[in-house]
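Shown next, in structure tokens, is the structure this report addresses.
Residues take their numbers from the sequence shown, with the count starting at 1. These figures come from a predicted structure and were not determined experimentally.
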Amino acid sequence: MSGGAVLGWDMAAALQLGTALGLSPLIIAELLPPIEAMMVRKINETMQAGSSLT
């Protein structure tokens with residue numbers, strides 16, 4: 001994927017997954033945004049460096 005970037009996660013899917021795992025939606029809504037921000041930064045850094053994520 002040349003020149004692309006990850007912009008964010010599908011938060012509706014993440015909320016559904018967390019709920020299916022038995023987590024409180026309030027806890028998910030509180031904790032997920034900072035986790036998402038860090039993961040998006042790291043994925044984009046890895047892609048810019050030309051490394052494979054697999």
Side-chain angles (χ1 to χ4, degrees):
M1 179 167 162
S2 178
V6 174
L7 300 178
W9 290 349
D10 180 346
M11 296 304 263
L15 282 167
Q16 287 180 343
L17 178 61
T19 301
L21 292 171
L23 299 173
S24 161
L26 181 59
I27 292 172
I28 299 167
E30 190 71 28
L31 297 178
L32 200 53
I35 294 169
E36 176 201 24
M38 178 61 72
M39 290 300 297
V40 166
R41 275 194 299 275
K42 293 299 181 181
I43 290 169
N44 287 329
E45 286 174 9
T46 302
M47 287 177 19
Q48 286 179 350
S51 299
S52 174
L53 293 175
T54 57

**Derivation and outcome, side chain to side chain contact (heavy atoms under 4.5 Å, CB included), residues Asn44 and Met47** = CA-CA 5 Å; Asn44 287 329; Met47 287 177 19; 4.1 Å; yes

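Considering every non-hydrogen atom in both Pro25 and Thr19, the closest pair reads CG-OG1, 4.2 Å. The minimum heavy-atom distance between Met39 and Trp9, with the atom names listed, is CB-CZ2, 3.4 Å. Across all their heavy atoms, Leu31 and Pro34 have their closest contact at O-CD, 3.2 Å.
Residues Leu17 and Leu32 do not share a hydrophobic cluster, defined by chaining ILVMFWY side chains whose heavy atoms lie under 4.5 Å apart.
Atom CG of residue Leu15 and atom CD1 of residue Ile28 lie 5.5 Å apart, to the nearest 0.5 angstrom. Atoms CE and CD, from Met11 and Gln16 in turn, are 13.0 Å apart once rounded to the nearest 0.5 Å.
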